[in-house]
Amino acid sequence: MLGPVILAASRSGSLRRAVSAAPVTKPVVDRFIAGESIEETVPVVRSMAAGGLEVTLDVLGEDITDPAEALRARDAYLRLVEALEPLELGSAAEMSVKLSSFGQALPGGHDLALKNVTAVVEAAAAIGTTVTLDMEDHTTVDSTLAIHAEVRRAFPQTGAVVQSYLFRTEDDCRALSAAGARVRLVKGAYKEPASVAYQDKADVDKAYIRSLRILMEGGGYPMVGSHDPRIIAIAQDLAHRAGRKPDEYEFQMLYGIREAEQLRLAAEGHRMRVYIAYGTDWYGYFMRRLAERPANLAFFLRSVVSRG
């Protein structure tokens, strides 16, 4: 029951200031955030690649308030492309973007976000990699999927994210699979009303499996975003039943969570991609990680007690 409370807190300015200022916070945040700069993050990418892991990189930032911030977010991703180029990892190091950081919520934000993300996708394609559009709360889904469809006309490898807790997601999976899209399926990490989303964990899990079956049986490229051992096993079974080869789908997990499992899957020949977030605007991302799993919150509270 703490999850919705934490998600609500992720939008609180006063709590943001309090948590950010607490001495205990940074050592705990470091578990989930690779660094505050590209320079701190590139060695992490190299280490992951050496271990047989692929990555997707997220420059932290969302809920921007003016077009200048959207341009700064775009430019941060363009600098990331420049940093990735000499690594020569190709699609093994892709990027994830939140369109809210590119101005989606501003007046005229749909067109602004489309323009900004297109510049990043073009730059990524020039070094042999691609971009996945992260999904945010339910009010952004139509705009995000419309931008995804537009960008895919020139760059068909551009990925999209869907969230199983939304009632609409099975239909979205059918449409995206029919279009041959790369699709990351996650459970969802935003506080959503009962009018649009399942509220019970068991219902979210069942919806995830239904959506995953649609993706595995469809014509796209499924990206299984989950740390749940049961779902990972089900994904492998569904892939086998659908006749998919190991390079025709992949697993994705967050940096700092279940590292041994990430390495195990990679060692078994699966494509295993780690979602690496970096930057100074880490608060919202960090709070969603706490809300997703009780173990994450327990880890944070133990650190608070041990350092108190």
Open item on the list: Would you say that Leu133 contacts Val161 through its side chain, given a criterion of any heavy-atom pair below 4.5 Å between the two side chains?
Closed with: no
- [ ] Flag the pair Met223 / Leu185 as yes when at least one side-chain heavy-atom distance between them is below 4.5 Å, and no otherwise.
- [x] no
- [ ] Rounded to the nearest 0.5 Å, what's the gap from NZ on Lys98 to CG on Leu60? Could you check?
- [x] 7.0 Å
Task: No-hydrogen, no-angle side-chain donor-acceptor test under 3.5 Å, Thr118 and Glu122 - done: no
TODO: Would you mind listing every ring-ring contact (aromatic ring centres under 6.0 Å, His included) that reaches into residues 240-266, with sequence neighbours excluded?
DONE: Tyr249-Phe251, Phe251-His270
Open item on the list: Check whether Thr158 reaches the backbone of Val131 with its side chain - one donor and one acceptor, N or O, closer than 3.5 Å.
Closed with: no
- [ ] Determine yes or no for a side-chain-to-main-chain donor-acceptor pair under 3.5 angstrom, with Arg244 supplying the side chain and Met216 the backbone.
- [x] yes
Open item on the list: Please give me the minimum heavy-atom distance between Arg258 and His227, naming the atom from each residue.
Closed with: NH1-O, 2.7 Å
Task: Flag side-chain contact, heavy atom, 4.5 Å: Met253 against Leu265 - done: yes
Open item on the list: For the OG1 atom of Thr132 and the CG atom of Leu57, what is their distance to the nearest 0.5 Å?
Closed with: 11.5 Å
Task: Side chains of Asp58 and Tyr278, donor plus acceptor under 3.5 Å - done: no
Task: Value rounded to 0.5 Å, distance of OG in Ser96 from CG in Asp134 - done: 4.5 Å
TODO: Please list, chain by chain and in numerical order, all residues satisfying salt bridge (charged side-chain N to carboxylate O under 4.0 Å, His left out) with Arg182, sequence neighbours excluded.
DONE: Glu94
Open item on the list: Could you work out, with ring-ring contact (aromatic ring centres under 6.0 Å, His included) as the rule, every residue matching Phe155, not counting sequence neighbours?
Closed with: none
Open item on the list: If the condition is salt bridge (charged side-chain N to carboxylate O under 4.0 Å, His left out), which residues does Lys115 pass it with, not counting sequence neighbours?
Closed with: none
Open item on the list: More than 12 heavy atoms of other residues, nucleotides or ligands under 6.0 Å from CZ of Arg168: yes or no?
Closed with: yes
Task: Transitive ILVMFWY side-chain link Ile38 to Leu89, under 4.5 Å - done: yes
- [ ] Before giving the answer on salt bridge (charged side-chain N to carboxylate O under 4.0 Å, His left out), spell out for Arg264 and Glu261 the whole-Å C-alpha distance, their side-chain angles and the decisive distance to 0.1 Å.
- [x] CA-CA 5 Å; Arg264 182 189 71 81; Glu261 177 69 357; 2.7 Å; yes
Open item on the list: Could you check whether any side-chain heavy atom of Gln252 comes within less than 4.5 Å of a side-chain heavy atom of Val274, counting everything from C-beta outward?
Closed with: no
- [ ] Taking salt bridge (charged side-chain N to carboxylate O under 4.0 Å, His left out) as the test, write out the residues that go with Arg74, two or more places apart.
- [x] none
- [ ] Answer yes if the side chains of Glu69 and Ser101 hold a donor-acceptor pair under 3.5 Å, and no otherwise.
- [x] no
TODO: Could you note down all residue pairs passing ring-ring contact (aromatic ring centres under 6.0 Å, His included) where residues 107-152 supplies at least one of them, sequence neighbours left out?
DONE: none
Open item on the list: Does this structure show an ion pair linking Glu54 with Arg271, if we count only N-O contacts that are shorter than 4.0 Å?
Closed with: yes
Open item on the list: Show me the pairs that pass ring-ring contact (aromatic ring centres under 6.0 Å, His included) and involve residues 75-106, at least two apart or across chains.
Closed with: Tyr77-Phe102
Open item on the list: Distance check, rounded to the nearest 0.5 Å: Leu145 atom CG versus Asp172 atom CG?
Closed with: 5.5 Å
Task: Residues which pass ring-ring contact (aromatic ring centres under 6.0 Å, His included) with Tyr198, listed by chain and number, not counting sequence neighbours - done: Phe167
Open item on the list: A side-chain contact here means heavy atoms from C-beta on lying under 4.5 Å apart; do Leu114 and Asn116 qualify?
Closed with: no
TODO: With the side chain counted from C-beta on, respond yes when Tyr165 and Tyr190 share a heavy-atom pair under 4.5 Å apart, and no when they do not.
DONE: yes
Open item on the list: So that I can tick it off, tell me whether Glu248 and Lys245 are bridged by a salt bridge, with the cut-off set at under 4.0 angstrom between side-chain N and carboxylate O.
Closed with: no
Open item on the list: Looking only at side-chain N and O atoms, does Glu250 offer a donor or acceptor that is under 3.5 Å from a partner on Tyr221?
Closed with: yes
- [ ] Without swapping roles, check the side chain of Gln163 against the backbone of Glu136 for a donor-acceptor pair under 3.5 Å.
- [x] yes
Task: Hydrophobic cluster (4.5 angstrom, side-chain heavy atoms) - remaining members for Leu112 - done: Ile64, Leu106
- [ ] Can you see which heavy atom on Ser177 is nearest to which on Ile214, and at what distance?
- [x] OG-O, 3.9 Å
Open item on the list: Test your reading of the model: is there a side-chain donor-acceptor pair from Ser164 to the backbone of Val204, 3.5 Å cut-off?
Closed with: yes
Side-chain donor/acceptor pairs under 3.5 Å, residues 40-52, sequence neighbours excluded:
unit_1, atom_1, unit_2, atom_2, d
Glu40, OE1, Glu36, N, 2.5
Thr41, OG1, Ser37, O, 2.8

- [ ] Nearest 0.5 Å please: distance from the CD1 atom of Ile147 over to the CG atom of Asp142.
- [x] 11.0 Å
TODO: Determine whether Lys201 and Lys187 make a side-chain contact, defined as any pair of heavy atoms from C-beta on separated by less than 4.5 Å.
DONE: yes
Task: Ile209 with Val186, same ILVMFWY side-chain cluster at under 4.5 Å - done: yes
Open item on the list: With a 3.5 Å distance limit and no angle check, can you tell me whether Arg273 reaches the backbone of Val55 through a side-chain donor-acceptor pair?
Closed with: yes
Open item on the list: For Gln104 and Ser143, which I'm curious about, is there any donor-acceptor pair between the side chains at under 3.5 Å?
Closed with: yes
Task: Under the salt bridge (charged side-chain N to carboxylate O under 4.0 Å, His left out) test, residues paired with Asp111 that sit two or more places apart - done: none
Open item on the list: Suppose the criterion is ring-ring contact (aromatic ring centres under 6.0 Å, His included): which pairs have a residue in residues 81-100, not counting sequence neighbours?
Closed with: none
TODO: Would you check if Val162 and Val183 make a side-chain contact, meaning some heavy-atom pair closer than 4.5 Å?
DONE: yes
Open item on the list: Rounded to the nearest 0.5 Å, what separates atom CZ in Arg72 from atom CG in Asp75?
Closed with: 9.5 Å
Open item on the list: Under a plain distance cut-off of 3.5 Å, with no hydrogens placed, do Thr139 and Asp137 share a side-chain donor-acceptor pair?
Closed with: yes
